[in-house]
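Input: a single structure, listed below in structure tokens.
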2 protein chains.
Amino acid sequence: MTHRVTIKDVATQAKVSYQTVSKVVNGQAQVSSETRERIWQAIHDLGYRPHITARNLRVGASHMLGYSWRSVPSDQFNPVLDKFLQSMVEAAEKSGYHLLPFPCPPDHAQVEVYRELIFSGRVDGFVLSSTNLNDERIAYLLDTGFPFVAFGRANPEWDFPYVDVDGTAGLRVATEHLLSLGHRRIALIAWPGESLTGKFRVQGYLEAMQSAGRLVDPDWIARGEHSALFGEIVAQRWLDLPADQRPTAIIALSDLMAIGVMNAIQERGLEVGREIAVVGFDDVPMAQYLRPPLTSLRQPIWELGQQVIAMLIKLIRNVTLEERRVLLPPRLVTRASSGTGAPG
Amino acid sequence: MTHRVTIKDVATQAKVSYQTVSKVVNGQAQVSSETRERIWQAIHDLGYRPHITARNLRVGASHMLGYSWRSVPSDQFNPVLDKFLQSMVEAAEKSGYHLLPFPCPPDHAQVEVYRELIFSGRVDGFVLSSTNLNDERIAYLLDTGFPFVAFGRANPEWDFPYVDVDGTAGLRVATEHLLSLGHRRIALIAWPGESLTGKFRVQGYLEAMQSAGRLVDPDWIARGEHSALFGEIVAQRWLDLPADQRPTAIIALSDLMAIGVMNAIQERGLEVGREIAVVGFDDVPMAQYLRPPLTSLRQPIWELGQQVIAMLIKLIRNVTLEERRVLLPPRLVTRASSGTGAPG
DNA sequence: ATATTATAGGCGAACGTTCGCCCGAACGTT
DNA sequence: AACGTTCGGGCGAACGTTCGCCTATAATAT
């Protein structure tokens with residue numbers, strides 16, 4: 001590297017003061033069209049590019065948006081990361097921002113890391129994910145007034161901007177789908193009660209059952225850890241019931257658990273889709289390759305990424321948000337695992 | 001935000017010049033221990049954090065490492081992104097660097113985007129992925145001498161630092177595994193000839209077959225697009241052969257294609273693992289949940305991420321690399337799909 | 001006691017921008 | 001002819017650091 005070409009080089013080349021070059025670069029009006037062209041010419045000739053760090057220092061912004069996510073254990077999959085990141089990166093770029101992915105700190109150190117990023121001027125805002133009910137980060141950021149948008153909800157008493165998948169709507173649609181196929185005993189595999197995301201999804205199931213006038217047997221809702229094994233164990237338990245009492249359809253709150261369910265069913269020699277319907281959530285890429293292919297709810301990840309960044313940038317620019325709470329419904333992708341009608 | 005607390009605030013509080021504070025913050029020796037403590041105290045009291053942008057401007061570095069990746073179509077999975085990113089982000093952070101993910105530009109605009117990032121001073125180096133034989137980006141970066149490390153190889157005539165998975169070793173191990181189980185007719189599903197990664201992997205297969213003294217029938221190597229469907233079609237073709245001529249084992253260069261193979265086999269009513277062995281590559285999380293679970297080659301993604309960043313940072317700091325070309329072998333994860341022995 | 005060296009810490013400058021203010025010229029108005 | 005207005009463009013300053021150099025004092029050696 002010989003010597004970085006700066007605004008001053010352009011200025012001498014174009015025979016103006018360097019501040020005038022700045023005006024041209026930033027599209028300010030106070031320059032005659034002749035000199036403007038002369039300056040652009042010089043910029044082009046010299047291959048000048050504004051130095052972002054200097055600009056950022058001057059304007060007091062980093063044009064960076066912080067994001068960290070929890071890595072999933074390697075026996076699981078993160079179905080959304082690729083698309084979500086791409087979406088955010090692209091949306092940010094369009095507005096002159098970049099994403100700063102930082103290592104997800106251990107729970108107790110969360111806030112400290114966010115503090116650090118704020119006070120070192122590294123980021124202008126945050127995208128939060130993996131939010132939980134009383135998320136410390138949200139509490140902290142609300143307290144300091146630093147711009148952020150969450151991907152996921154939290155304590156309903158708090159007023160903060162978020163985008164989220166409408167799990168309630170998703171499960172309502174999935175349940176209605178099964179009901180319309182004639183299923184009456186529809187079971188649900190959910191997460192522990194602490195899970196907020198789980199709560200919303202269960203609610204959609206309950207709503208759909210209720211408005212169809214179906215009573216829900218509490219035994220039809222199983223709660224446990226997010227794993228294929230748990231899905232398998234629960235399904236086995238249900239399959240032990242006499243045929244006229246056991247569920248004819250099982251919804252799992254994730255594809256991972258749904259896969260466990262499918263494996264349990266097939267090990268009993270039963271046919272998924274014909275004898276027992278299975279529905280998952282996430283629509284992981286693999287869902288379509290399972291045998292039978294898995295009916296699942298696909299999250300509008302791209303749109304969520306676009307929204308979350310658009311909102312965050314508005315927040316940073318002090319534009320008021322017309323929508324502080326955005327819920328986007330997932331789409332039911334119907335495949336063979338949910339069958340064509342209830343048995344019997 | 002009232003007022004950012006700067007080095008000067010600390011200085012007045014500690015009754016020294018602000019440059020001395022800088023010395024303390026950067027751990028320089030020329031300060032007595034009393035004043036040093038006084039300054040640290042002031043830093044702590046005021047909650048001072050150095051302003052990164054200002055520091056970067058002064059030292060003429062951005063402490064950012066550029067990275068972009070090609071998003072896979074949504075019917076496929078990116079098995080490595082999550083871990084690879086986390087690994088790189090974490091490794092970078094340890095050395096005071098951050099990752100800058102930027103949108104993967106369309107092919108024709110690749111170089112221009114890299115140029116821009118360099119000349120606007122946004123990054124100090126690049127990690128390249130999805131490299132191809134005559135990668136324009138590599139050519140350009142070699143030409144300008146800008147620091148980068150590739151994840152993947154390219155034109156062997158070029159001398160540039162890279163890390164990569166040793167696909168040759170991986171396929172050698174996989175093939176030897178099948179040979180040791182008594183398989184003689186081992187078929188391979190590969191990518192088109194242009195694929196460099198594919199070429200290395202095929203080579204491993206050929207080496208293993210050769211050193212076992214097995215002739216390789218050219219018909220046992222199929223080449224086509226990376227999809228489950230292609231795997232399925234090819235497998236069907238092989239299954240049409242008389243039982244004493246068809247392959248008893250099939251290796252696919254990716255799990256996605258292996259899944260197609262498994263489905264084709266099962267649709268013929270044959271049993272994967274007992275009648276025909278199947279081996280994949282990638283060890284996607286889903287592999288263990290398939291029925292039967294898929295034997296596959298797992299890439300050492302975490303280590304690759306650590307290495308690539310370590311090398312890049314050395315390059316930036318002008319430390320000579322002891323190893324400019326790092327190949328890490330994948331690990332064969334043996335599961336039921338490769339069976340316990342060749343049939344017959 | 002003087003000369004030499006080491007040490008602590010101060011000071012000006014610079015990194016590459018943008019911002020706000022100012023001034024001079026040109027122009028139109030009364 | 002004097003005035004106000006508009007427009008083009010110059011200028012100083014600042015953003016928060018780090019760097020290199022300088023100086024005064026203290027410590028050591030002769």
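Chain letters run A, B, ... following the sequence lines, proteins first and then strands; every chain starts at 1. What you see below is based on every heavy atom in this structure, not just the backbone, and it leaves out hydrogens, waters and symmetry mates. Quick caveat: nothing in here was measured; it's all calculated off a predicted structure.
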Exercise. Do B/Arg325 and B/Asp164 sit within salt-bridge range, that is, some charged N less than 4.0 Å from a carboxylate O?
Worked result: no
Exercise. What class does the angle between the rings of A/Trp158 and A/Phe160 fall in, given that below 30° is parallel, 30 to 60° is tilted and above 60° is perpendicular?
Worked result: perpendicular
Exercise. Under 4.0 angstrom, heavy atoms only, what part of the nucleic acid is B/Gln28 near: base, sugar-phosphate, or nothing?
Worked result: sugar-phosphate
Exercise. With sugar-phosphate meaning primed atoms plus P, OP1 and OP2, does B/Arg36 contact a base, only sugar-phosphate, or nothing at under 4.0 Å between heavy atoms?
Worked result: nothing
Exercise. Going by an N to O cut-off under 4.0 Å, is there a salt bridge joining B/Asp107 and B/Arg137?
Worked result: no
Seminar exercise, completed: Taking D/dT18, C/dG9, D/dT17 as options, the one with an atom nearest any side-chain atom of B/Thr35 is C/dG9
Exercise. Between A/Gln306 and A/Lys94, is any side-chain donor less than 3.5 angstrom from a side-chain acceptor?
Worked result: yes
Problem set entry | Nearest-neighbour nucleotide for the B/Lys23 side chain, D/dG8, C/dG9, D/dG16 considered | C/dG9
For this session: Answer yes when B/Arg49 and A/Glu112 have at least one side-chain N-carboxylate O distance shorter than 4.0 Å, and no when they do not.
Result: yes
Exercise. Between A/Arg55 and C/dG16, is there a side-chain N or O to OP1/OP2 distance below 4.0 Å?
Worked result: no
Seminar exercise, completed: Looking only at D/dG16, C/dT18, D/dG8, the nucleotide nearest the B/Leu57 side chain is D/dG16
Exercise. Do the rings of A/Tyr114 and A/Phe126 sit parallel, tilted or perpendicular, given the 30° and 60° boundaries?
Worked result: tilted
Exercise. Any luck finding a side-chain donor-acceptor pair between A/Gln13 and A/Asp9 under 3.5 Å?
Worked result: no
Exercise. Could you give the CG-to-P distance, from B/Asp124 to C/dC15, as a whole number of Å?
Worked result: 18 Å
For this session: Indicate whether any N or O donor in one side chain lies under 3.5 Å from an N or O acceptor in the other, for A/Asn56 and B/Thr53.
Result: no
Problem set entry | Which nucleotides of DNA chain C pair, in dot-bracket form (Watson-Crick or G-U under 3.5 Å, | meaning another strand) | ||||||||||||||||||||||||||||||
For this session: Could you state the atom-to-atom distance from CD of A/Gln30 to P of C/dA25 in whole Å?
Result: 18 Å
Exercise. Would you say D/dT17 has OP1 or OP2 under 4.0 Å from some side-chain N or O of B/Thr53?
Worked result: no
Exercise. Does any residue of residues 5-22 of chain B have a heavy atom under 4.0 Å from DNA chain C, and if so, which ones, in number order?
Worked result: B/Val16, B/Ser17, B/Tyr18, B/Gln19, B/Thr20
Exercise. Could you state the CZ-P distance from A/Arg122 to D/dG16, rounded to the nearest angstrom?
Worked result: 17 Å
Exercise. When we call it a touch if two heavy atoms are under 4.0 Å apart, what does B/Asn56 touch: a base, just sugar-phosphate, or nothing?
Worked result: nothing
Problem set entry | Aromatic contact, B/Phe84 with B/Phe151 (centres under 6.0 Å) | yes
Seminar exercise, completed: Between CZ of B/Phe119 and P of C/dT17 the distance, given in whole Å, is 14 Å
Exercise. B/Arg58 side chain: which of C/dC15, D/dG9, C/dA8 is closest?
Worked result: C/dC15
